[in-house]
Amino acid sequence: MNTVTVTTKAHILRYITAFVTGVIHQSELRRHLIETLHRETHVNQVNIKQLNLAADALESAVSSSSSSIRSSSLSLAEKLLLPLTDYTLSSFILSLILILRNRSDESAISLLRIFHSNPSLARSEIAPSLYERLFYIHLFPVFRWFDDQRTLILSSTCETTSRDMSDYSDELVAMPYAKLLSNVSGEQASKLRELEREYEEVLDENCRVLALYFKEVLMNKDEDAVVTPPLLILKSAAEDGNGGGGEHRMEEMQMPELENGRYNPMWSERDTSIELLSSNSSSRSSQAPLYPQRVSPRVLNPPQSSKYWTTPVYLNSAPETQYSLDENSLCSSSDSEAENEEKDKNIALLEPQQSQTQEQMLAILKESMGSPDNPMAEYENTLLNGSGKQTPPKDFVCPITSNIFDDPVTLETGQTYERKAIEEWFNRENITCPITRQKLQNTKLPKTNYVLKRLVASWKECNPSSVLPTCESPFKDNEEEVKTTMPSASPNCVIIQATVDGMISELRCAINNLYMSEILQESEMAVLQIEKLWRGGNMGLDIHSMLSKPPIINGFMEILFNSLEPQVLQATVFLLAEMGSRDNVVIQTLTRVDTDVECIMALFKKGLTEAVVLLYVLNPSTVTLTEMAIVESLIAVFIKKEEDLVKMCLSPRTAAVLLLAQVMGGSDEIIASSIVKAMFSEKAIEAVVGSLGAEWAEERVAAVEILLRCMQEDGTCRNTIADKAELSPILESFISATDAERFKIVEFFSELIKLNRRTFNERILHIIKEEGPFSTMHTLLIYLQTALQDQRPVMASLLLQLDLLVEPRMMSIYREEAIDTLISCLGNSDFPTTQLAAADTIMSLQGRFNSFGKPLIREVLLKRAGIDKSPRSAVQEDHISNFFSDIETIPEEEKAADDWERKIASVLVSHEFGILFEALADGMKSRIPELRSACFISATWLVNMLTILPDTGIQGAARVCLLKQFVNKLNSAKDIENRILSMLALNSFLHFSDGIRDLTASYAKDILKGLRELKRFSPLASEMLNVLVDENQSNTDIWRHKELIQVDCRDNGEVLSVIWFKDKIISGHTDGRIKVWTLKDNLLLLLQEIQEHTKAVTSLTISESGDRLYSGSLDRTAKIWSIGKEAIHCEQVQDMKDQIHNLVVTNSTTCFIPQGAGIKVQSLNGESKLLNSNKYVKCLAHAHGRLYCGCHDSSVQEIHLATGTITNIQSGSKRLLGKSNPIHTLKIHGELIYAAGSSLDGTAIKIWNNSNYSMVGSLQTGSEVRAMAVSSDLIYLGCKGGVVEIWDKKKHNRVDTLQLGTNCKVNCMTLDSNEEILVIGTSDGQIQAWEMT
């Protein structure tokens, strides 16, 4: 029993998805199919409206670039169609929707509903290609059944017809059943019509069966389970005794076994022996074609009905298999032949007369072809003398595709097939010849059979009505018919006529040698001879018409495949390019076979530079050019000298520029970027710049596209382009260019004026403005008013810059239109891309650019905010880029840049009383991050420029629109640069009285915290703080603090020392423990608790390098710790041989207060010495290589560590009786020394200048101060009794007091890096954190 073929789910989805995707991408096809189904769908008005609405929603989704609009449109359409799945139109639209929603299974099922509900319409009009690929393989038994039935009906005619068939000449090989059908009787014609009807019914029924089967396969979820293919339904006709039709019965027939997964009747038992007929063969195959052929309506109907005999669509694999036979051609009547001859003569009289030369050449060619030496003579004479449509000889038809050969290849078995067909056969893992079934030794395809290809091409040339219609030429502009201008045949022209005759004879011999000679050298010499005749053909000889025949073109291609002579290859390419530029038939011949194009590309890549012209003429697709990787070869053309190249219809350099522009414009970003890099590496930019002055406008535009992409990818080439480019020819091209080309030119100019020299930019702007053939500004204005939305910002920018080349006038239509356009685009939220382009354009108008053409507006503003490259700057490299080399220019350039910035800012902010500020404020609220950033930068720049522009009242508009947003940005921005820019903008408002009032009255509290955090980055922050504090003299609320958290550590004794390092707080306790904390969400989280010391940790300090922690203890040791992300680790222990009461560390020494008098200093090599041995020191401080000592006798000394020199800052007093008054704490902040001592004299805190030791102030407090912390604005005093007093550093008045809640003393205090949070350690073991509000 025969097995059956199982169709897989992947197989079904591949073909259906390819069909549906193709429909989606072809709008005209999609609309045509929907209209066809609309006509076939009969529904009520309500359902029609739903279907129309669904179709409109589908079109909206396909055309929209917005993902949200696409998704909503598809969802709406699907909801409308789900209740209407019984209609074919609904199923079709639904299949398109589902594939767009990535539901390919459901899409395929929906499309199969059409084959089930209306199979005839589906296979003939809706999806014939899908029907052929998916259904054909299962329907071959139906085709065989139809063929058998038709043969049975016609069997009574075969005997009489066979005798007539034997009389046919060789020219009628492979003719269809025309002769046979001419003798059918009326009864047979009736049976054939009935068979046609039954055949259609059988096809419909089996399509429905197969559609259900495919649906079941798609819905099968079990991968291991196999869905059994259905049984085909056949209807057979039994003859009665009189040859008439009997009863009809339904039969079920199993599908035959499919070898290698494919059924092809070519290789069935009926066709196992196929003879290729030659011209001298008298045998004919008596077998009827296996594919069923529809009976001609001319036989079945009255004569006046129709004169066309058409083959059904399922038999036509190409349009050329369609025949048109005259009514009388189906009969062998001599009268009809006479009538036909008479018609032919009448038609000939209406045709235009051929020139004398053409008649001579035709006669010569006929004579040549009729000679015994011409192997094509007999065949081609028939073609030349024949008329009407001809069926192709069987040898010219591929046995697999049933189409005429385009690229025939002959296997080792002697059988010939179409290249693509046999490739597919091999791709299915077959290793045998399809016809002979002989196992092949090698499955690698041989070269094209050019002999057969020439024969096919000649047949096509002589039978144009029997082959595919020619396609419209892609080179209409270059297409001209070369007309022969022969002189008259008067006696005065005998010499000229003889010369022409000689040239014709020479050309005829060369053509014969080209495509008939088997000796390569003869063919090569023929090419050179033809080239010579072409170049010297000044006698009006129409050489092109003689050379453009497909056989001759194939002869040229055979030369390209086989010749190794550079001169011959150049000549061949030259001739093909010249002919291709004149005749689209040549192009069609060359592009019909892929291997021909590949050969030309291969020769070009191997160094045949002239082949680039032929490639351009062939107009290959961008995908083909990209896949063939010819970019390097195209760039190599630029480097070659023009004089070294063959003179052709088009310069090779021009062709290379045009092709490179095509590849660049049609490729993705990665490929385009690699092309630009290749051009830079080969230094080909200058060569392309030369094309800007080309005579051909298309070349100029292509060069503009290439150079524009180069500048956008790597702007370092701008200077080269600006220096070498001729701009006048580009301006000439602007007038006649298309809208897309105009925008490319405008983009090119806009990119070109982004040089890092302002004077150069203005020089180029002058050329653009003054050297055009017409008024450039007027032309731009007209184009701006009609341009697309996404093109308008760039055009408006160029127009505005051209207008500002002179000092701004009171009114300018160009300026007003340009600024209005920018503001309109910036506020048009329906086009986000346009909004972003407008914002970027406004930023670039500032006029300063780096060497890559990127705007420097951000960097310039940061520099104005006080950001520099000083080593003391706290800004890290990853926060603020190293840009200063780009903005440090010579004075002349700086002055030009400043003048331009002033002019452009003035016209922008003055337009309609500052309406631009409102548009920028709206942009800063956008959901698009890039748009928010660009508007923020532009707003900062323009607000900053208000400080140097005349006061025209527009400051109020800026303040109303932007002040609050800048305050929010200062406090909420995560990027430090954005906060600094916000600070710069707010500082600009401080220049105006209304701005100072608003900032001090409404926003002082909001911005003080941010300014304090920015003090370490920019001195501008400190200046603004001073202004705001001065303006809030009576407002002590700005210094208010609140308690964040309190942690009880009393189990570890007192908190003797605390220090803040980056994001960690480290505390030392009397039990020898060290704890590491982090402050997060107003909570102190303990990261680590470690006890390396055995006694109290009295001191913690950070090394000057900032990477080590030092701890001093009463256990006579100092430990050095490395600080990790989560913990600290002890690296070294130093035995100090004395108790450590206070510890400071320099780069080379460790200084501490011992148990007795003096200060011990220990160097890195272990040496130690005692300084200030006459004093009992209470506290230490260190700054700039000097040590400051606060002693028990209230004295203060400065010790120079390098020399040991001691200087008294304050003399002490000895008390024999009574309590001493020690200096409890010392702090160095800036140029001032702060000492906290006794309050007996009412001045517990004294302040000295550390340069001349003069006292500059004191704080009057009655509290006993034990600890102190100093910030940029405040002094914190930790006192006994659990109190911390806060004093204004500048005014020396108390602004706040913190109550710790217990009667303890404050042992230590520290501030965070932003000076916002104060951490306190107390004697009762508490750690508290307070924040400035």
Side-chain angles (χ1 to χ4, degrees), residues 474-480 616 650-651 653-655 657-662 664-665 688-712 718 721-722 724-754 761-806 812-822 825 837 841:
F475 301 100
K476 289 184 177 180
D477 295 339
N478 299 331
E479 206 175 280
E480 280 187 6
Y616 174 73
L650 191 69
S651 165
R653 182 171 293 178
T654 299
V657 169
L658 295 169
L659 288 176
L660 190 61
Q662 178 185 346
M664 266 193 174
V688 180
V689 171
S691 294
L692 294 176
E695 295 183 3
W696 195 15
E698 187 175 351
E699 181 182 357
R700 296 198 292 264
V701 173
V704 164
E705 293 183 14
I706 296 172
L707 296 175
L708 171 62
R709 192 56 184 262
C710 290
M711 288 189 290
Q712 291 172 339
R718 273 185 181 81
I721 298 173
K724 305 288 185 180
E726 293 183 46
L727 301 184
S728 298
I730 306 176
L731 293 169
E732 294 175 6
S733 302
F734 189 84
I735 304 299
S736 58
T738 64
D739 287 346
E741 292 172 345
R742 287 180 182 175
F743 181 61
K744 289 293 183 183
I745 294 173
V746 171
E747 272 193 306
F748 173 76
F749 286 145
S750 299
E751 287 292 331
L752 194 59
I753 56 176
K754 293 180 180 179
N761 287 334
E762 294 187 8
R763 190 181 307 164
I764 295 174
L765 285 170
H766 276 290
I767 294 174
I768 297 172
K769 183 177 181 179
E770 298 168 1
E771 294 194 6
F774 302 98
S775 171
T776 303
M777 294 182 64
H778 182 71
T779 306
L780 282 175
L781 178 62
I782 299 301
Y783 183 34
L784 175 62
Q785 295 170 342
T786 60
L788 298 177
Q789 276 290 331
D790 57 343
Q791 299 175 356
R792 301 184 73 194
V794 177
M795 300 191 63
S797 170
L798 182 60
L799 183 61
L800 179 59
Q801 293 181 73
L802 292 173
D803 184 70
L804 291 180
L805 284 176
V806 296
S812 168
I813 186 174
Y814 304 113
R815 181 172 73 243
E816 298 297 320
E817 185 71 24
I819 300 178
D820 279 338
T821 299
L822 287 175
C825 292
T841 298

Worksheet entry | Audit row: Val794, Phe743, side-chain contact (heavy atoms from CB on, under 4.5 Å) steps and yes/no | CA-CA 9 Å; Val794 177; Phe743 181 61; 4.2 Å; yes
Item to complete: Could you give me the CA-CA distance, side-chain angles and deciding distance for Ser797 and Gln801, then say whether side-chain hydrogen bond (donor to acceptor under 3.5 Å, both in side chains) is met?
Response: CA-CA 6 Å; Ser797 170; Gln801 293 181 73; 3.1 Å; yes
Practice prompt. List the steps, then state whether side-chain contact (heavy atoms from CB on, under 4.5 Å) holds for Glu747 with Gln712.
Written response: CA-CA 10 Å; Glu747 272 193 306; Gln712 291 172 339; 4.0 Å; yes
Item to complete: List the steps, then state whether side-chain contact (heavy atoms from CB on, under 4.5 Å) holds for Leu799 with Thr821.
Response: CA-CA 11 Å; Leu799 183 61; Thr821 299; over 6 Å; no
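When all heavy atoms are compared, the tightest approach of Leu752 to Asn761 is O-OD1, 4.1 Å. Here the shortest heavy-atom pairing between Arg792 and Cys825 reads CB-SG, 4.0 Å. Heavy-atom minimum distance, Glu699 versus Val657: O-CG1, 4.0 Å. In terms of heavy-atom proximity, Arg815 sits nearest to Leu804 at CD-CD2, 4.3 Å. Of all heavy-atom pairs spanning Glu762 and Leu805, the tightest one is O-CD2, 4.1 Å. The heavy-atom pair separating Ala796 from Leu784 by the smallest distance is N-CD1, 4.1 Å.
For the atom pair CE (Met777) and CG (Leu800), the distance works out to 9.0 Å, reported to the nearest 0.5 Å. Atom-to-atom distance recorded for Ser651:OG and Glu695:CD is 10.5 Å, nearest 0.5 angstrom. Summarising the geometry, atom CE belonging to Met664 is positioned 6.0 Å from atom CD1 belonging to Ile706; distances are rounded to the nearest 0.5 Å. Distance check, rounded to the nearest 0.5 Å: CG of Asp739 to OG1 of Thr786 gives 6.5 Å. The structure places CG of Leu822 at 10.5 Å from CD of Glu817, a figure rounded to the nearest 0.5 Å. The line from CZ of Phe749 to OG1 of Thr776 is 8.0 Å long, rounded to the nearest 0.5 Å.
In this model, no donor atom of one side chain and acceptor atom of the other lie less than 3.5 Å apart for Gln662 and Tyr616.
Without hydrogens or angle criteria, Ser775 side chain to His778 main chain gives a donor-acceptor distance under 3.5 Å. Arg709 contributes no side-chain N or O that, together with a main-chain N or O of Gly665, makes up a donor-acceptor pair within less than 3.5 Å. A donor-acceptor pair under 3.5 Å links the side-chain atoms of Thr841 to the main chain of Ala837, judged by distance alone. A donor-acceptor pair under 3.5 Å is absent between the side-chain atoms of Tyr783 and the main chain of Met795, judged by distance alone.
Heavy atoms of other residues, nucleotides or ligands lying less than 6.0 angstrom from NE2 of His766 number more than 12.
Within the 4.5 Å cutoff, the side chain of Phe748 has no heavy atoms near those of the Glu705 side chain. Side-chain atoms of Phe734 and Val701, non-hydrogen and from C-beta on, never get closer than 4.5 Å to each other. Proximity of Ile753 to Leu798: side-chain heavy atoms (C-beta onward) are separated by under 4.5 Å at one or more points. A 4.5 Å side-chain heavy-atom check between Glu741 and Glu698 finds every atom pair outside the cut-off. When side chains are defined from C-beta on, Pro729 does not count as touching Leu692, because their heavy atoms never get closer than 4.5 Å.
Applying the side-chain hydrogen bond (donor to acceptor under 3.5 Å, both in side chains) rule to Glu751 yields the partners Arg718, Lys754; only residues at least two apart in sequence or on another chain are considered. With sequence neighbours left out, Arg700 forms a salt bridge (Lys or Arg N to Asp or Glu O under 4.0 Å) with no residue at all. Residues satisfying the side-chain hydrogen bond (donor to acceptor under 3.5 Å, both in side chains) criterion with Glu732, sequence neighbours excluded, are absent altogether.
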